[in-house]
Amino acid sequence: MNVSAPLKASDFKSDLKPVWCPGCGDYHVLLSLTKALADLERKPEEVAVISGIGCSSRIPAYLKCYGFHGVHGRSLPLGTGLKVARPDMTVIVAGGDGDGFSIGGNHFLHACRRNIDLTYIVMDNRVYGMTKGQPSPTTEPDWDSALSPGGTGLNPFHPLVIALASGANFVARAFSGDIRGTTKLISDAVNHPGFSFIQILSPCVTFRPEQKEWKSAIHAPPVEATDDPARAARRIMTDDGFNVGVLYRGDRRPYKIGDGVEHKTVADLEQEFQI
Amino acid sequence: MNVSAPLKASDFKSDLKPVWCPGCGDYHVLLSLTKALADLERKPEEVAVISGIGCSSRIPAYLKCYGFHGVHGRSLPLGTGLKVARPDMTVIVAGGDGDGFSIGGNHFLHACRRNIDLTYIVMDNRVYGMTKGQPSPTTEPDWDSALSPGGTGLNPFHPLVIALASGANFVARAFSGDIRGTTKLISDAVNHPGFSFIQILSPCVTFRPEQKEWKSAIHAPPVEATDDPARAARRIMTDDGFNVGVLYRGDRRPYKIGDGVEHKTVADLEQEFQI
Amino acid sequence: MSANPDNEISSLSELLTHAYAIEEDAIDRYHMLGDQMEVHNNHELAKLFRDLAGHEEKHAAEIKARAETIGLMNLKSSEYKWPDTEGPELAALDEAHYRMTPWHALQMALKAETRAFEFFDHIVNTVTDPEIKKWAEEFREEEAEHVTLVERLLEKNPEPPAGWADDDDPPNLQE
Amino acid sequence: MSANPDNEISSLSELLTHAYAIEEDAIDRYHMLGDQMEVHNNHELAKLFRDLAGHEEKHAAEIKARAETIGLMNLKSSEYKWPDTEGPELAALDEAHYRMTPWHALQMALKAETRAFEFFDHIVNTVTDPEIKKWAEEFREEEAEHVTLVERLLEKNPEPPAGWADDDDPPNLQE
């Protein structure tokens, strides 16, 4: 018997019962994430999952590892700070499209630009679920609901291309229901140096029940992942939004923690104050 | 004699003396903007120039038209609100790379996404000039200065591609010293429907004197502007950063002011409250 | 997204590892569904999912006992040789609903057990090693028994009439 | 970026419109530079730029008087037929410096007047209409006089020694 040695996915699940709606794609993401952590052979004390506010941002509570359920839109600064302070830890930042692309949009841009070695997972259901169905930055312009009669008329934007244009070093799209694929993408993202971004299409069965159909729309990308961000951007801007896999794997210089920090003696410091 | 009828560029200049450093690229932008307004045959009372904080954001004070010198990074929400309230006005939002891409980054994303009919001009000198030379989101990673010894090590990002990925409908790069070209680009941007974004390379002679060399680096784009955002994004991500002209001219649906607003009678409203 | 249909199971240990993983995943999922039903005050369903999980736990213990001498392998998710994108016996979480009835839960279980049966059936029909084939036949037989069990339960829990999901205060009400 | 060297001036009104625009732009720029020097307490230079502007203002008035019967055209920026990217008589604003000396200002003026001379010279040498040619010759002569005037001023304002821009408390000090 050698089953005792490595941790299993279930070892990363806390005893808290999720309050997500039954059928929610986020349950799949929770499973994929625990499987990825087991595959990565991390110990719970080596991992921190940081989130903001929203349904998907509850995920740290359901995991057995370090976690921080932060304030709205500010998960990336928290994750960045933690990674800089504790570069030995595996830092995963997770949340939804409202949290990450709306109030958190600027942190998203600049976290990509800084290219710190962490993984950002956005569970994108194109709606604010927790607050009862407001349109988000990825909502279709004609999505009609009581809170957006006739649709907002606003174009959704391309988070994956924004990530590329801002400097992310690994860009992938996943579908929550594809647990095996998502597990692999999370593992690959964590292993890739620098800032990794995964947009996980994760249906909201309550406010967007039509998203159950995503299951039959997804497909593998027609080509291998590129290391050319310009090509990746062009491909993503012309794809159908449902190709699932690694779309860009770059070699952009990650932020080297400790860069620019000189370790000085008291004598060095005194010299700086000489006139 | 028929010189009296149309307004001249100088009619759009206020009597305030700019406090910019002599040699600053922003003087050129001021000239180009006044020339464009004359070319567009606007009257001062039909135009509003809205800014944030920074050297370049002082520009409304130097113009004779409506102006608002707002708070840091918030020029686009101001401009958006004004345009929605007064769609008859020509709204030009102006500022620098620090104001627009750093603290204002999220407004930039979402203003592009909303695609309201206004023109956003960023005078990009890759430095915070007013506060004495901090690196900005477009500063080169190895720019060495007393405030960033050895450089920040952070990658600059691609504002033009971020604009494209977010939904801007007109994207151009200009060089401040090319007054004729910049004047034409501003006119074209104002005339194009939806959100127009012009990144004007505008040297900071005080903190980045090496930018005087931009004058000899700029050149026309090798090809005509495209109406395909994916192609435009790929081109911009692979160009040398110095091709000056219109890079994308789209036909994305601009936000239709009044969309979703139903003009209801009191009886209609009463009906909504019936149980 | 990736399927490895030609990736043949090549040892008894690997077969047992797959059989055990099927049970473990099923246990995790049934408990996840049980948790969901408890949170949403659907206690009848919660009990049903706990019972299904208990059933799989017994089965898992049997496999572990059988593996005593042969040993189980430590596989990463991507190293399993599932014919489809998922482990075959997984209840489809996306079909869960807070007002689901026993009939729905049993339909999910039936689908999962049938897929598990088909997984071992595929091995029986394709594997060359006679011993692996023999053990796969045993697992297939057990899964067939599970299918029968669930079918019997379904006789006692018929499909609910339309409107089973009706809710006077639905969670998706936007006000 | 666009240059229209082959775009020939085709009427007296168009020639006068260009001549007038050259003066107007020069006036705006010299006043802009004068403002800059006042703001930066370089009063000697401020006066010099105001004098240069005054000179151009006189010249502009003369052109306007000449245009009394012929009339000036209302051209958009892009409709002018400049040989280069800019109007020819524009002082190069990017060469300004808060500690610049009269020599620097006169160098800027010299360059601008020379470019204006070259603009009319080009028309004299390429235009076919004899009357436009004659008027262009007159403007060329005036610009030649301006060049001579600036050169004479330069004799009285020699190049400053190196270190003219030195500042004990420079604006670019980062602390």
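Side-chain atoms are counted along with the backbone in the values below, which use heavy atoms only and exclude waters and symmetry mates. Proteins get letters first, then strands, A, B, ... in listed order; numbering begins at 1 in each.
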Practice problem: Quick one: pull up OG1 in T152(B) and CZ in R113(A) and give me the separation to the nearest 0.5 Å. | Solution: 7.0 Å

Quiz item: In Å and rounded to the nearest 0.5 Å, what is the CG to CE distance from D228(B) to M237(A)?
Solution: 8.0 Å

Quiz item: Within the distance-only criterion (no hydrogens, no angle test), does the side chain of H110(B) pair as donor or acceptor with the backbone N or O of F101(A) below 3.5 angstrom?
Solution: yes

Heavy-atom pair with the smallest gap, counting every atom of [X] and [Y]:
| X | Y | answer |
| --- | --- | --- |
| N155(B) | R253(A) | ND2-O, 3.7 Å |
| T238(B) | A230(A) | CG2-CB, 3.5 Å |
| I162(A) | A165(B) | CG1-CB, 3.7 Å |

Self-check item: For chain B, the option from S166(A), A233(A), G167(A) that forms the most heavy-atom pairs under 4.5 Å
Solution: S166(A)

Quiz item: Quick one: of P229(A), G105(A), P137(A), who has the most non-hydrogen atom pairs under 4.5 Å with chain B?
Solution: P137(A)

Taking side chain as everything from C-beta outward and backbone as N, CA, C, O, which of these in [X] sits under 4.5 Å from a heavy atom of chain B? Side chain, backbone, both or neither.
| X | result |
| --- | --- |
| R252(A) | side chain |
| N115(A) | side chain |
| I103(A) | backbone |

